[in-house]
Number of protein chains: 2
Amino acid sequence: MDQRVKKKATIYDLSVLSGSSPSTVSAVLNGTWRKRRIKESTAQTILGLAERHQYTTNLQARGLRRSRSGLVGLMLPVHDNRYFSSMAQTFEGHVRSRGQCPVVVSASRDPEEERRTAETLISYSIDQLFIVGATDPDGVHEVCESAGLKHVNIDLPGAKAHSVISDNYEGARMLTEAIIHHFGNDDPLRPDELYLFGGRNDHASRERIAAFHATKKALLGADPEDGVQSSGYSPDITLRAFEVFYQRHGKLPRALFINSSINMEGLLRFMAGRPAEMFSELVVGCYDYDPFGSFLPFPVIMVRQNVEAMIAKAFALIDEPTTPPQSFLITPELIQPRSALKGPLDTLKDMA
Amino acid sequence: MDQRVKKKATIYDLSVLSGSSPSTVSAVLNGTWRKRRIKESTAQTILGLAERHQYTTNLQARGLRRSRSGLVGLMLPVHDNRYFSSMAQTFEGHVRSRGQCPVVVSASRDPEEERRTAETLISYSIDQLFIVGATDPDGVHEVCESAGLKHVNIDLPGAKAHSVISDNYEGARMLTEAIIHHFGNDDPLRPDELYLFGGRNDHASRERIAAFHATKKALLGADPEDGVQSSGYSPDITLRAFEVFYQRHGKLPRALFINSSINMEGLLRFMAGRPAEMFSELVVGCYDYDPFGSFLPFPVIMVRQNVEAMIAKAFALIDEPTTPPQSFLITPELIQPRSALKGPLDTLKDMA
DNA sequence: TTCGCTTGCACAATCGATGGTGCAAAAACT
DNA sequence: AGTTTTTGCACCATCGATTGTGCAAGCGAA
């Protein structure tokens, strides 16, 4: 009657109340009761009691017995970023629609942490793991593999499991081209006026840098050696790279290829405190899309990865039989300056 | 020997291998072995075996037995937003440092979904729940309460559990004041030139709107009735609000108070496709901080909620004995235009 | 009446870890 | 040597749900 302080009801409680055995109660509550030839009326009685006593399944117990949990994991490098958080948002929608429970965690781009995180999730018997932007996908793979856990790589490819990745080469090619074409013919960009900032030694960066070099060479005829300033995935390191560059050259390049929105924040930090006019002639290409970034006071051409397509493909792959691991390229989209695109939030209902 | 295909080792396996009983193995592995007076050498043997066989605790089994799981929940309205995703990032840090596992989920600002989500998490015996920006905090409270789950509200207050909220009144007062003061004395703002867009009928919006009205009246002497355009938490509804306004008045107001970065995206959508000059005189105050938003081509004064302080306070509160529920105000910070602040990501290590 | 089939459900083992309790063997003490 | 104390560990019930199996009652047919 009064469930104010009471502990949660179990199938045993309902068993006593209904006069049926625990196994019958269990069958009724998990929907397998027809298969077990339970009488309709018995089922109704039990369902009624369950309702009245606010029964909810103890999912840890179920998980223990079934050795899976209904949890689906998403491992991100970080949360605090439009790209990854929109992954999380999209992922959640997919998982929910399958009646499972999403678990989103971040692993800070640290191989050790990635491994540990995967292990923790495995200890909870998660059913599947989506690995986004892992620094060491194959390390995580080992962990998953030896636990028999299905997993997919997203954004950075692993050698040992299916991967869904953005077509970084093509994206960077389009972006570099767009930057160069943004300058008219009367005052065309020179090879030494376009620099790339950000990135480190991961697959995505390498592809992008390769495309950057190739496209520069193709369109501008030359490509000086020092055109790339690796600065990891850290705003502050990128900031320092800009400061160093500025000190050396007395100015910024006319055009920048910036490897990600995180590096772009490094540019913002450089801008802070310096006069806006210093940046009025700047043209930037950024390999990431952020709606606010798109409206900065100078032209920012962005690349939007197709998050929806990537997640959808990842879900399609993870259920597939284990064919040899393959990489699937998803072509990103070039976004012109001053574009405000819809995101996963737009599917949510809201009132005025 | 070969653990390629093998199922995970359990304490029973180690029990056989070591010649000790399962309970001894358990005690050794969970660290209670000194209390149970297990010989040092026995412990070492077992730990060695555990290492060799890559033993990891089945946390579902442990959770079932202990009726808690080591999971700590964070329920967000949405992921895809700097404010909430930086909450997630900060929250993760705290939970990790306590040796527990963070579970971040979103509930789409839907009371029904919020309730269901809480129930699901409870079914996994999570240890604590942090409820951020819930539409119906008290509904979620009921659910938690009847399961004996510790919980705290963040960002939107509930009547029945402790709450940590931003001081919305003070924040909006500061912001409104800053907007007004941004205009010099030679061409001061008139009362009918400052509008508020966004927000709906929740505690935060009400406070902000109240402060907006009061501050306008105090500083500008008057405050026309129609100065507030509620448009929920949706970019598109906000966009429509701007379109309607523009159609009616033939222009935008000189100054805007925008209720959140999500509404700000509505402004971006309005800007897209219209000439940049249309916005060159605009002054905007936005109740949220986004680094890119801070560098738009017009002055954007922002309010940064003190996420770190809020989360820290929430953790402090959740462990406390159940005193009568209280609300704790955390004062937000006014951010001048063109500021690129550090965030939770800056604590992560990264290389160059 | 008897055999055989269906219906409807109960029984009991199991998933893996935990922790209270009990009890031999070793050590310490008289 | 006999008694008490300490050490070191095993035993077993338990957490809540799942699921393979078994079996009695009911029913129809022969």
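We name chains A, B, ... by the order of the sequence lines, and we start the count at 1 in each one.
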Residue [X], side-chain atoms from C-beta onward, closest of [options]:
X      : options                  : value
I11(B) : dA17(C), dC9(D), dA17(D) : dA17(C)
K39(A) : dC11(D), dA12(C), dG8(C) : dG8(C)
I38(A) : dC9(C), dG16(C), dA17(D) : dC9(C)
Y55(B) : dT19(D), dC9(D), dA17(C) : dA17(C)

Separation of atom [atom1] in [X] from atom [atom2] in [N], rounded to whole Å:
X      : N       : atom1 : atom2 : answer
W33(B) : dT7(D)  : CH2   : C1'   : 14 Å
L64(B) : dT14(D) : CG    : P     : 14 Å
K8(A)  : dC15(D) : NZ    : P     : 16 Å
R62(A) : dT14(C) : CZ    : C1'   : 16 Å
Q60(A) : dT18(D) : CD    : C1'   : 16 Å
N30(B) : dC15(D) : CG    : C1'   : 16 Å
L14(A) : dA10(C) : CG    : P     : 13 Å
Y12(B) : dA13(C) : OH    : P     : 15 Å

Could you check R37(A) against P22(A) and say which one's nearest nucleotide on DNA chain D is further toward the 5' end?
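By nearest-heavy-atom nucleotide position, the 5'-most residue is P22(A).
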
R68(A) vs R36(B), nearer the 5' end of DNA chain D by closest nucleotide:
R36(B)

Under-3.5 Å donor-acceptor pair between [X] side chain and [N] base:
X      : N       : result
R66(B) : dG19(C) : no
S23(A) : dC11(C) : yes
R65(A) : dG16(C) : no

At under 4.0 Å, does any side-chain N or O of [X] touch on OP1 or OP2 of [N]?
X       : N       : value
S26(A)  : dT19(D) : no
N58(A)  : dC15(D) : no
Y124(B) : dG16(D) : no
T24(B)  : dC9(D)  : no

Contact class for [X] vs. all strands (heavy atom < 4.0 Å): base, sugar-phosphate, or nothing?
X      : result
S67(A) : nothing
T42(B) : sugar-phosphate
T32(B) : nothing

Is the shortest distance from a Lys or Arg side-chain nitrogen in [X] or [Y] to a carboxylate oxygen in the other one below 4.0 Å?
X       : Y       : value
D202(B) : R109(B) : no
E40(B)  : R34(B)  : yes
R98(B)  : D127(B) : no

With rounding to the nearest 0.5 angstrom, report the OH to CG distance, Y55(B) to L47(B).
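It comes to 11.5 Å.
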
Quick one: are the ring centres of Y124(B) and Y124(A) less than 6.0 Å apart?
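Not under 6.0 Å, so no.
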
If we check side-chain contact (heavy atoms from CB on, under 4.5 Å) with I38(B), which of these qualifies: T32(B), V28(B), V25(B)?
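Answer after filtering T32(B), V28(B), V25(B): V28(B).
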
